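Data block below; observations after.
One-based numbering, in listed order, for ligands and for the atoms of each. Each residue takes its place number in the sequence, starting with 1. All values reported here derive from a predicted model rather than from experimental measurement.
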Amino acid sequence: MIAGISEAGLDKGVFAEPVSVLDVQAQCATRAVADAGLTMADVDGVLTAGLWGMPGAGTLMPLSVVEHLGIKPRFIDGTNIGGSAFDAHVAHAAMAIERGYCDVAVITYASDQRSASGRNLAGKPPHLNMQFDSPFGLLTPIGSYALAAHRHMHEYGTTSEQLAEIAVAARRWAQLNPAATKRDELSVDDVLDSAMISDPLHKLDACLVTDGGGAVVVTTPEKLGTDARKKAVYVRGYGESVSHWTINSMPDLTTTPAAHSGPAAMRMAGVSHDDFDVVQIYDSFTITVLLTLEALGFCKPGEGGEFVSGGRIAPGGAFPMNTSGGGLSCSHPGMYGMFLLFEAVRQLRGDAGERQLDKATTALVNGTGGGLSSTATCVLSNR
Ligand SMILES: CC(=O)CC(=O)SCCNC(=O)CCNC(=O)[C@H](O)C(C)(C)COP(=O)(O)OP(=O)(O)OC[C@H]1O[C@@H](n2cnc3c(N)ncnc32)[C@H](O)[C@@H]1OP(=O)(O)O
C-alpha cells in the first residue's frame with residue numbers, strides 16, 4: 001500500500017527556496033515517511049530514477065540518493081523508463097515487499113529542470129543515440145509527439161480543437177488547485193492562437209517546464225499504526241510495457257504501450273473501465289492523453305477526440321481526469337510521472353480541497369515515457 005506522500009513546495013513552478021535536487025529528495029523522503037507514521041530508520045528499500053541527460057541531476061542517482069539519505073537499504077531500484085518510471089517503481093516496490101526483499105520502500109524524485117536548464121526545451125539537441133531522429137529536425141520531445149498527432153489526424157480526422165479541449169480541461173482543474181502554476185482563464189481559441197511549436201502542436205498543447213520533486217512510501221499494513229493505516233491507499237494492480245525508445249522505432253504512431261500495461265493492471269486488480277472514479281494520465285502533450293485513453297480502452301482507437309470533447313474530462317464532467325491541472329497547467333518537472341500518483345492518493349484520501357471528487361474510491365494512474373516509449377499503469381483504491 002501507498003502509506004505516505006510528500007511533494008516539494010513550488011512558487012510558480014520554481015522551488016520555493018534554492019536547494020539541490022538531492023536535498024529535495026531527502027527532505028521529501030523524510031516527510032513522506034513521517035506521513036506514513038514511520039521514521040527513516042524503518043526504510044529498507046529505495047527506488048529512484050534521476051533525470052537522465054539534464055544538468056543538476058547527478059550521476060548514478062540511486063547511489064547518490066542512498067548516501068544522501070544516510071541509510072543502508074537492502075532493496076534498490078534505479079529503473080529509468082522516463083515519465084512512467086515512478087508507476088513502475090510502485091509495482092517494483094510492491095513485488096519486492098511481497099517477496100520479502102524489503103518492508104518499507106521509499107520512491108524519490110526531484111528535478112530543477114526550470115531553474116537549472118531554462119524554460120524552453122526547444123533548441124537543446126538531445127543525444128547521439130537519436131541519430132535517426134535529430135538529423136531530421138526532431139531535436140526536442142515535442143517533434144516526436146507532433147508526428148503521432150499528425151498520424152492520428154490523418155487516420156481518424158482528429159482536430160486541433162479536440163486536442164485543445166484537453167489543455168482547457170486541465171486548466172479548469174488547475175483553477176481549483178491553489179498550488180498550480182497556471183490558473184488564468186484558457187479557451188480552445190487561446191490554445192489554437194498560441195505559437196505553433198511543432199505542427200500540429202502549439203505551445204499550449206505542451207506541458208510546462210517547471211522544477212519539482214517528491215517521495216512516495218510503499219509498505220504493508222502490518223508496518224503501520226492505526227492512523228496511518230486509515231489513510232493508506234491499496235495498490236490493487238499494476239502493469240508495465242516498453243515498445244521502443246526513439247520515435248523512428250515506434251511500431252505504430254497511434255498505439256502506445258498502455259494497450260498492454262493497462263489491461264494487465266486492470267486484470268490484476270479485477271476491475272474494468274467503469275470502476276474508476278478518477279484517472280491520472282501523463283500529459284506531456286495533449287496528444288499523449290488522447291492516445292493513452294484509447295490505448296487503455298476508455299474509448300476505441302480513433303474516438304479519443306470525441307471522448308475528450310464537451311467538457312467530459314473537465315470539472316463537473318463524467319470522466320474526472322488529471323484533477324490537479326496535470327503537467328499542462330500544474331507542474332511538469334522533467335519526468336513528471338510521480339505527480340500523477342500524488343494527485344491520485346490525495347483524491348483517494350479525500351485531501352484534494354476544492355477539487356475533491358464526491359466519490360473517489362478507485363483510481364487509475366498511467367505514466368508514459370518520452371517519445372511514447374514506455375508506460376506503467378497502477379490501479380489504486382482506498383479499500
Ligand atoms: C521525459 C519523459 O519521459 C516524457 C516527457 O515528459 S516528454 C515532455 C518533456 N517536456 C517538454 O518537452 C517541455 C515542453 N514545453 C516546452 O518546451 C516549452 O514550454 C515550450 C517550448 C512549449 C514553450 O516555451 P517558450 O515559448 O520558450 O516559453 P517561455 O519563454 O519559457 O515562457 C513564456 C511564457 O509562457 C509560459 N509557458 C511556456 N510554456 C508553456 C506551456 N507549455 N503552457 C502554458 N504556459 C507556458 C511561461 O510560463 C511564460 O509565462 P510568463 O511570461 O507568465 O512567465
Side-chain angles (χ1 to χ4, degrees), residues 10-14 49-54 57 79-88 109 111 113-115 117-127 130 133 138-149 163-164 166-168 170-171 174-175 180-187 190-212 240 242 244-247 250 256-258 281-289 291-292 325-340 366-376:
L10 294 183
D11 180 11
K12 294 194 168 58
V14 180
L51 183 55
W52 177 61
M54 295 287 175
T79 300
N80 185 351
I81 49 173
S84 59
F86 310 97
D87 303 303
Y109 175 65
S111 162
Q113 187 182 22
R114 178 160 171 181
S115 44
S117 59
R119 294 143 85 173
N120 187 344
L121 288 190
K124 292 196 172 64
H127 317 285
M130 301 213 163
D133 293 17
L138 299 179
L139 296 176
T140 67
I142 194 168
S144 305
Y145 293 80
L147 287 179
L163 291 178
I166 297 168
V168 170
R171 183 62 58 89
Q175 287 171 335
T181 303
K182 295 283 175 191
R183 304 185 68 204
D184 44 332
E185 287 295 323
L186 185 71
S187 67
D190 292 333
V191 178
L192 302 183
D193 291 344
S194 66
M196 183 64 83
I197 306 290
S198 187
D199 187 18
L201 298 179
H202 307 82
K203 169 169 153 174
L204 298 177
D205 283 300
C207 61
L208 297 161
V209 175
T210 70
D211 294 345
E240 58 194 273
V242 177
H244 63 284
W245 168 215
T246 51
I247 198 74
M250 188 167 179
T256 85
I281 305 248
Y282 201 103
D283 56 349
S284 42
F285 301 95
T286 50
I287 185 66
T288 317
V289 171
L291 294 178
T292 307
L328 288 165
S329 275
C330 183
S331 68
H332 191 296
M335 298 181 297
Y336 155 84
M338 187 180 281
F339 297 74
L340 303 165
N366 189 91
T368 302
L372 301 159
S373 56
S374 68
T375 58

Which atoms from ligand 1 have a heavy atom of [X] less than 4.0 Å away?
X: G370; value: 2 (C), 3 (O), 4 (C)
X: M335; value: 1 (C)
X: F285; value: 8 (C), 12 (O)

[X]-ligand 1 polar pair, N/O distance under 3.5 Å:
X: T368; value: no
X: H332; value: yes
X: S284; value: no
X: A206; value: yes
X: G83; value: yes

Just to check, does [X] reach to within less than 4.0 Å of ligand 1 when the distance is taken from its heavy atoms?
X: K12; result: no
X: V209; result: yes
X: G334; result: yes
X: L208; result: yes

With sequence neighbours excluded, tell me which residues meet side chain to side chain donor-acceptor pair (under 3.5 Å) with S144.
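Checked S144 against side chain to side chain donor-acceptor pair (under 3.5 Å); zero matches.
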Taking 4.0 Å as the limit for heavy-atom contacts, which would you say applies to [X] with ligand 1: side chain only, backbone only, both, or neither?
X: K182; value: side chain
X: Y336; value: neither
X: S84; value: neither

Any side-chain heavy-atom pair from Y145 and I287 closer than 4.5 angstrom?
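A side-chain contact exists here, since the closest heavy-atom pair is under 4.5 Å.
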Between S198 and L201 (side chain of the first, backbone of the second, donor and acceptor by atom type, cut-off under 3.5 Å), is there such a pair?
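Side chain of S198 to backbone of L201: no pair is present.
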